[in-house]
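Structure first, commentary second.
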2 protein chains.
Amino acid sequence: MRSRSEEDYLKAIYSLSIKGSSTSTNEIAKALTMKASSVTDMLKKLADKKWVNYIKYKGVTLTKEGKQIALQIIRKHRLWETFLVTNLNFKWDEVHDIAEQLEHIDSIELINRLDKHLGFPKFDPHGDPIPDKNGKIQDLRKSQPLSDLKKGDKGIIIGVVDGTSIFLRYLDNEGLNLGTEIHVAEIFDFDFSYKLKINNKFLTVSERVSKNLLIQF
Amino acid sequence: MRSRSEEDYLKAIYSLSIKGSSTSTNEIAKALTMKASSVTDMLKKLADKKWVNYIKYKGVTLTKEGKQIALQIIRKHRLWETFLVTNLNFKWDEVHDIAEQLEHIDSIELINRLDKHLGFPKFDPHGDPIPDKNGKIQDLRKSQPLSDLKKGDKGIIIGVVDGTSIFLRYLDNEGLNLGTEIHVAEIFDFDFSYKLKINNKFLTVSERVSKNLLIQF
DNA sequence: ACTTTTTTTTAGTCTAGTCTAAATTAGTTT
DNA sequence: AAACTAATTTAGACTAGACTAAAAAAAAGT
């Protein structure tokens, strides 16, 4: 059995090792808002359980088993987020904290049935890929920021680069939801803002927004 | 904030006070498979938080606030059970352990939306009433055990008296699901077994079963 | 009413997971 | 390479929530 705390650490280590391979004590501490000394303690426990490779002062990596556990937690998190948005009509910026709790519910059968119920989605409402029951992640969906599109291009919104709450709320307000089809009507050279055509209405967004919105390739 | 442990105690005390009003330390210990000394410790903490009225050696009752909390946990438990059975196709005997975890997820918004999604059900798959968001419980559904019916009577299965796993599995196997309409074709005097007509098929059940099945009035 | 049994509480111990403060190691600068 | 700085670990303390064993109170039996 795994404690909730152990799962939080494994997930954090996984996320941090996406960029570089090895992760430092301080990085983990910051990610979990804990003190470095607490992290050291836990890393020893995780190493005893063979979920991480840990060498004093040298940082930490996940073992195969540790990575598999992390992927299953991420799978649960993203499936629950999908459920909350598509079945319970939550906005995509409201679901994170609830999914953070639901991801620790312990039942493989539950999560496989939820997966089926949702139609085996490959991406969550933020556009992040959902690992399958074996931990396999679909090749990243081909996408580019809106700012790479040219006048006349079309595409579908499939995610965001920076998922902060304020930004997601803005998108929601403007009707820029996941799955919305957009059409670049105009690009204004002087400030690189984009005039979009969406369902026969026009909307102009700033350069900043255009760099943050991911459009299906 | 409440810990999972505190919630488990409040729920147990609520369930035990359905019959008698006051509950003893030993009863709680047995219900939670803990030692009496652990229960005493926790009762003091719950009393400090004004969730129970506790007098040494004299047993314990819930305060208004404590009862309200217990009802909300029961509400969550039963709504999740309903979700698992009606949306994810679990059998009614498979859902208890999972609901036991889900009932501690902390989000009022989540549970209200789940309630709406399920169509504001008044009873869970076991036939137990679901408290509403104010903790109100609908008057118990009028029901009687099958053993009270006479030859020729009709009714709908709405619950069970004893919800042990073996029994529920038996029912499932025989096609005796919640909501199934039954018709008493014959009662055999020599052993009080019941011959039922269900969707034009016949099925005989023992006296024991007939006392355990609740039929809508 | 006195003794025995049962129930409940107290006192002290243990573990997981956090913290602070001090010590150690690694990295960087001169 | 010595000295300083930053990162990491160690040592020791704390809390919640469980436990065991012993003491105290209540209930039951004679």
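So you know, we letter chains A, B, ... as the sequences are listed, proteins then strands, and number each from 1. Please read all numbers here as calculations on a predicted model, not as lab measurements.
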Separation of atom CG in A:Leu43 from atom C1' in C:dG17, rounded to whole Å: 13 Å

Does B:Lys58 reach a base, just sugar-phosphate, or nothing at all? Heavy atoms under 4.0 Å. nothing

Is B:Thr40 near enough to C:dT9 that one of its side-chain N or O atoms lies under 4.0 angstrom from OP1 or OP2? yes

Taking 4.0 Å as the cut-off, does a side-chain nitrogen or oxygen of A:Lys56 come that near to OP1 or OP2 on D:dT10? yes

Figure out the CZ/P separation between A:Arg4 and C:dT18, and round it to whole Å. 11 Å

Which whole-number value in Å describes the distance from B:Glu7 CD to D:dG17 P? 11 Å

Within this structure, what is the CG-to-C1' distance between B:Asp41 and C:dT8, rounded to whole angstrom? 12 Å

Of A:Asp172, A:Asn177, A:Asn173, the residue whose pairing with A:Lys91 passes side chain to side chain contact (heavy atoms under 4.5 Å, CB included): A:Asp172

Partner of B:Lys133 under side chain to side chain contact (heavy atoms under 4.5 Å, CB included), picked from B:Asp115, B:Asn112, B:Ile108, B:Ile111, is B:Asn112

Taking only N and O in the side chain of B:Tyr54, is any of them less than 4.0 Å away from OP1 or OP2 of C:dT9? yes

Walking DNA chain D from its 5' end, the first of B:Lys45 and B:Ser37 to be reached, judged by nearest nucleotide, is B:Lys45

The answer to which of B:Asn26 and A:Thr33 contacts DNA chain C further toward the 5' end, by nearest nucleotide, is B:Asn26

Students often get this wrong, so: under 4.0 angstrom with heavy atoms, is B:Thr25 touching a base, only sugar-phosphate, or nothing? sugar-phosphate

With a 4.5 Å limit on heavy-atom distance, are the side chains of A:Thr82 and A:Leu114 in contact? no

For D:dA23, take OP1 and OP2 only and decide whether either is under 4.0 Å from a side-chain N or O of B:Tyr57. no

For D:dA16 and B:Ser3 - does any side-chain N or O of the residue sit under 4.0 Å from the phosphate oxygens OP1/OP2? no

Using a cut-off of strictly less than 4.0 Å, decide whether A:Lys44 has a side-chain nitrogen or oxygen near OP1 or OP2 of D:dT10. yes

Atom pair distance, as rounded to whole Å: CD in A:Glu6 and C1' in C:dA16: 9 Å

Could you give the NZ-to-P distance, from A:Lys35 to D:dA7, as a whole number of Å? 14 Å

For the pair made of CD1 in A:Ile28 and P in C:dG17, what is the distance, rounded to whole Å? 15 Å

Any base atoms under 4.0 Å from B:Ser5, or only sugar-phosphate, or nothing? Heavy atoms, all strands. sugar-phosphate

Rounded off to whole Å, could you give me the CZ-to-P distance for the B:Arg2 and D:dA16 pair? 17 Å

Polar side chain donor-acceptor pair, B:Ser24 to B:Asn26, under 3.5 angstrom: no

Any salt bridge between A:Lys45 and A:Asp41, counting N to O under 4.0 Å? no

